[in-house]
2 protein chains.
Amino acid sequence: MQAWPVDNSFQAFKRQLPICRNSVYSEFYDFFRDVIKVKRESAAIKNLETICTATFELASKHGFDAMSLRDLSRSTGISMGGLYNYIGSKDELAQMVNDFLSRRLAPMAALNNPKQDKPRDLLETLLRTAIYMGSLFRPWYRFVYMESKTMARKQRDQAKSFDLYDTQRLRELIEAGVRAGDMDCANPELSASALLAMVQDWYLKSWKYKRNNIDPDDYADFLVSTMDKLLACKDQ
Amino acid sequence: MQAWPVDNSFQAFKRQLPICRNSVYSEFYDFFRDVIKVKRESAAIKNLETICTATFELASKHGFDAMSLRDLSRSTGISMGGLYNYIGSKDELAQMVNDFLSRRLAPMAALNNPKQDKPRDLLETLLRTAIYMGSLFRPWYRFVYMESKTMARKQRDQAKSFDLYDTQRLRELIEAGVRAGDMDCANPELSASALLAMVQDWYLKSWKYKRNNIDPDDYADFLVSTMDKLLACKDQ
DNA sequence: GTCTATAGTGCGATAGAC
DNA sequence: GTCTATCGCACTATAGAC
């Protein structure tokens with residue numbers, strides 16, 4: 001029984017995803033229609049892109065807490081008062097990024113997944129999706145990873161529970177594979193953590209991978225082959 | 001030819017290391033004798049421990065930049081003026097931690113390494129050393145990883161070059177193993193990055209590993225077995 | 001050697017002009 | 001809808017008492 005061939009490339013992923021790098025700020029505007037005071041849509045979307053881009057840039061250089069709204073105002077060319085038509089407060093800006101990624105952007109990738117039965121193939125899809133999403137929206141993922149610890153207690157715990165959730169989802173697939181006899185793994189929990197650490201390294205150390213000309217397909221291929229070795233997968 | 005059996009446990013590592021958790025602040029005082037204005041040694045060492053411990057705690061909660069010297073003063077019970085007898089400035093405090101780890105603490109582990117020839121065994125020693133050092137001095141490693149990006153340009157570049165150096169050292173050992181016919185690895189650079197990401201995950205996500213009762217020996221054993229699988233090592 | 005008090009700076013946020 | 005001007009506050013760092 002031969003499964004229908006699946007195109008696992010970054011190209012194919014982008015084609016199927018119901019959002020792209022260009023439409024993300026239009027989605028962002030829709031998502032926060034209620035809190036954003038500016039009603040002229042086209043200008044608002046353009047300014048949101050400017051604000052987010054500058055925030056990612058400044059926060060990655062000195063941390064979100066060290067970034068002042070004066071810095072942000074200077075970088076974006078939008079006055080202090082103008083910024084408050086978009087963000088409510090500085091803390092709220094960080095929360096908006098966090099919420100948009102976890103409630104809107106990330107869920108879109110899940111819709112994209114092909115229907116598969118074998119745990120090993122589900123694992124591959126899960127890992128590839130994480131790498132491809134991280135490639136398309138790297139600044140968002142980086143920001144949430146790095147800054148979630150500085151946010152309010154509630155947000156910090158949320159970040160931890162996302163990490164635990166991801167680890168657990170990987171672990172359960174590994175355990176299912178072992179039960180099915182397709183894999184061999186002495187420590188599903190640690191193996192899941194290791195795979196997750198490799199996923200996160202992709203957007204945390206983008207400078208290193210760019211330097212070495214590793215593209216998303218290269219990294220995803222490597223990650224999947226590592227998974228196959230780590231879990232001694234049959235029929236790779 | 002049977003090599004002398006090597007004790008690779010955390011216990012054995014601690015026994016051989018010429019520094020321990022208790023003596024680290026005495027070393028710290030020695031290392032910064034010139035800049036620390038307090039000359040009464042015993043009191044100075046005790047206060048340095050209080051200051052560093054509180055700094056790690058506060059910085060891990062909200063980031064070093066968000067931590068104020070008032071917070072630090074309150075946590076340590078040392079007045080604002082008193083702090084300046086130890087640290088010169090807030091930025092200098094971060095640099096002291098960074099310098100002490102990279103110039104004093106980390107080099108001590110290197111002295112500890114047994115003499116070994118085979119690339120695979122050298123790799124094991126390197127990885128175990130990293131995990132055990134990270135276990136003993138976790139807050140130091142965490143702080144430097146998380147805060148180096150917020151430091152001055154020079155320090156940021158230093159952090160990157162340490163990462164590149166570690167990756168390269170791992171890669172060269174992998175390449176040597178492949179040449180010697182002991183390993184099989186299609187992509188030494190990415191394999192080295194993956195191992196390094198797992199090392200760093202150990203001190204970045206300590207909360208997760210503590211939660212699951214993973215101790216340093218468990219993690220080091222898992223890391224080495226992962227290395228053996230990833231590199232298809234012979235004679236493990 | 002450690003404290004209190006404070007100088008001087010830059011912050012987040014807002015009110016009100018246009 | 002965006003700007004300028006400004007308020008009140010918290011910060012780092014220091015000076016001088018003890």
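In the text below, chain A, chain B and the rest are named by the order of the sequence lines, each starting its count at 1.
The phosphate of D:dT2 has OP1 or OP2 within less than 4.0 Å of a side-chain N or O from A:Tyr86. For the OP1/OP2 pair of D:dT2 and a distance below 4.0 Å, the side-chain nitrogens and oxygens of A:Ser79 include no atom meeting the criterion.
Here D:dT14 presents its P atom at 13 Å from CG of B:Leu83, a figure rounded to the nearest Å. Spacing between atom CG of A:Asp65 and atom P of D:dA10 amounts to 16 Å, rounded to whole angstrom units. For B:Ile78 and C:dC3, the CD1 to P distance is 8 Å, given to the nearest whole Å. Following rounding to the nearest Å, A:Leu93 (CG) and C:dC11 (P) show an atom-to-atom distance of 16 Å. One interatomic measurement links the two molecules: NE2 of B:His62 to P of D:dC11, which rounds to 12 Å at whole-angstrom precision.
Around atom CD of A:Glu92, more than 12 heavy atoms belonging to other residues, nucleotides or ligands sit under 6.0 Å away. Taking a 6.0 Å sphere around CZ of B:Arg33, one finds it holds more than 12 heavy atoms contributed by other residues, nucleotides or ligands.
Note: A:Tyr29 and A:Tyr25 fail the aromatic proximity criterion, with ring centroids not under 6.0 Å apart.
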### Task
For A:Tyr209 and A:Asp218, run side chain to side chain donor-acceptor pair (under 3.5 Å): C-alpha distance rounded to whole Å, both residues' side-chain angles, the deciding distance at 0.1 Å, then the answer.
CA-CA 10 Å; A:Tyr209 296 111; A:Asp218 294 333; over 6 Å; no
### Summary
Scoring nucleotides 13-18 of chain C by protein non-hydrogen atoms under 4.0 Å (B base, S sugar-phosphate only, - none) yields BB----
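Partners of A:Glu57 under the side-chain hydrogen bond (donor to acceptor under 3.5 Å, both in side chains) rule, at least two apart in sequence or in another chain, are A:Lys61.
The stretch residues 36-54 of chain A touches DNA chain D through A:Lys37, A:Val38, A:Lys39, A:Arg40, A:Asn47, each having a heavy atom under 4.0 angstrom from the strand.
Between the side chains of A:Ser89 and A:Asp91, no donor N or O sits under 3.5 Å from an acceptor N or O.
Comment: A:Glu49 does not engage A:Arg21 in a salt bridge, judged by the lack of any side-chain N to carboxylate O separation of less than 4.0 angstrom.
Between B:Ile19 and B:Arg104, the closest side-chain pair of non-hydrogen atoms is not below 4.5 Å.
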